[in-house]
Amino acid sequence: MIIPNHNYEKTLRACLESVYAQTLRPLDVVVVDDASTDGSRDIARTFPCVLVARPENGGVSAARNLGVAASSGQVLFFLDSDIALAPDAIENAVDLLMDDPETGCVHGVLDPEPLFDDGPVEVYHCLHAHFWRRRSAGVVGTAFFALAAIERSVFEATGPFDENLRDSEDVEYSDRLAATHRIRLSERVTGRHDDVDRLLPMLAEQYRRSQLLVPVAAVERRRGGGLRANRTGGVLAAGLVPLTLPLALLTPWFLTVPLACAAAFALADVGLSRFVARRKGWSFLLRFTALHFAVHLALVLGAVAGGVRWLVDPRFGPSARGRRARSDDPAPAAAP
């Protein structure tokens, strides 16, 4: 069990309590504290786990790689410190791996209810995260390592996480993993997540994460098959709303264009809307849709900004880009 942590004292105790309450107890539990400034390390010390304390923050990829080196189990179970596992999550993940030798990784579906309910923004995030994962359950092209099990031999064959990536590291890793092994997303592996609970931090997080969409996609060897949290039509419709809104300055009749795009966005994922309405009612669906629209705008802006940054900054994006660039350089001339 490998748990990266950075300033999650709010949830770390619940996370570790869920680990030690499993029907199949892990051989060892490694908490990699990534230079936390809160009381996380003191909480970890109250449990019989291995605590690896980093002096400087290196990001989740570096923390996971360090955790692998400090662990000894045949199956590596990666768990983010803001998730509390269902009691049978580890046992189910191991069973799924053992039942199918071609499956190299099993990852889970987050619960629709938050670990700690801190308001409508967090409820929105948890409902959406649960829905699109549950809809995609089965053999998939992407693994998310916030809640995932992988055999050590498979991890070693695939290689470590790209430490140049602090976001989208799952997607880049999955591109390598899926070339040789099957990835399975299962509703039998679940956990409750404590997500961001304020609007501006949520939008900032979405903007930051989406900046790596273009760089990671550019170095992928595979094309297609990856998980999608949002409908492509919805993303395009949301992005067109601010682009077409200035048309209303020419004549009010042109206001129908951004309104039509907004309507197309609202109807882009009817299944999601029905799911939210069933769980929280139609009044909450209106708030959910507004939040969903704001998230989509942040996603589009982040992807555009990240694409531009990737074009002008050779250090931005996956390490594979640098390796390919170096391999494409002409060989130096022999000395005379």
Path from Phe254 to Leu249 over hydrophobic side-chain contacts below 4.5 Å: no

Full working for side-chain contact (heavy atoms from CB on, under 4.5 Å) between Glu102 and Arg184: CA-CA 10 Å; Glu102 294 186 8; Arg184 187 173 298 277; over 6 Å; no

Straight-line distance of Met1 CE to Cys49 SG, nearest 0.5 Å: 11.0 Å

Ring centres under 6.0 angstrom apart (Phe161, Phe78): yes

Between Glu91 and Thr23, a side-chain donor and acceptor under 3.5 Å: yes

Any donor-acceptor pair under 3.5 Å from Thr103 side chain to Arg182 backbone: no

Backbone N/O of Asp88 and side chain of Asn92: donor-acceptor pair under 3.5 Å: yes

Side-chain touch Val171/Leu165, heavy atoms, less than 4.5 angstrom: no

Spacing of CD belonging to Gln206 relative to CG belonging to Leu297, to within rounding of 0.5 Å: 11.0 Å

Contact summary for Arg133 and Gly108, nearest pair of heavy atoms: CD-O, 3.9 Å

Check ion pair Asp80-Arg64 (N to O, under 4.0 angstrom): yes

Cluster overlap Leu51 with Ile3, hydrophobic side-chain contacts below 4.5 Å: yes

Pairwise distance CG(Asp167) to OG(Ser61) - rounded to 0.5 angstrom: 9.0 Å

Expected output: side-chain Asp33 to main-chain Ala53 donor-acceptor under 3.5 Å: no

Ile90 with Leu79, same ILVMFWY side-chain cluster at under 4.5 Å: yes

Intermediate values then yes/no, side-chain contact (heavy atoms from CB on, under 4.5 Å), Leu272 and Val276: CA-CA 6 Å; Leu272 174 61; Val276 173; 4.2 Å; yes

Polar side-chain atom of His296 near backbone of His292 as donor-acceptor pair, under 3.5 Å: yes

Any donor-acceptor pair under 3.5 Å from Asp170 side chain to Phe145 backbone: yes

Salt-bridge criterion met for Asp269 and Arg135 (N-O under 4.0 Å): yes

Polar side-chain atom of Ser174 near backbone of Thr142 as donor-acceptor pair, under 3.5 Å: no

Under 3.5 Å side-chain donor-acceptor pair for His130 and Asp111: no

Linked, directly or transitively: Val257 and Leu255 (ILVMFWY side chains, under 4.5 Å): no

Validation row: Asp95, Leu24 side chains within 4.5 angstrom (heavy atoms): no

Check: Ser40/Asn5 side-chain N/O donor and acceptor closer than 3.5 Å: yes

Gap separating the CD1 atom of Ile43 from the SG atom of Cys15, nearest 0.5 angstrom: 11.0 Å

N/O donor-acceptor pair under 3.5 Å between Gln22 side chain and Ala86 backbone: yes

Glu9 backbone acceptor or donor facing Asp38 side chain under 3.5 Å: yes

Stepwise side-chain contact (heavy atoms from CB on, under 4.5 Å) check, Trp282 with Leu285: CA-CA 5 Å; Trp282 291 98; Leu285 176 61; 3.4 Å; yes

Main-chain N/O of Asp34 paired to Asn57 side chain as donor or acceptor, under 3.5 Å: yes

Side-chain touch Leu76/Val154, heavy atoms, less than 4.5 angstrom: no

Check: Asn230/His128 side-chain N/O donor and acceptor closer than 3.5 Å: yes

Side chain Tyr124, main chain Arg287, donor-acceptor under 3.5 Å: no

Leu110/Trp132 under side-chain contact (heavy atoms from CB on, under 4.5 Å): CA gap, chis, key distance, verdict: CA-CA 10 Å; Leu110 296 173; Trp132 70 261; over 6 Å; no

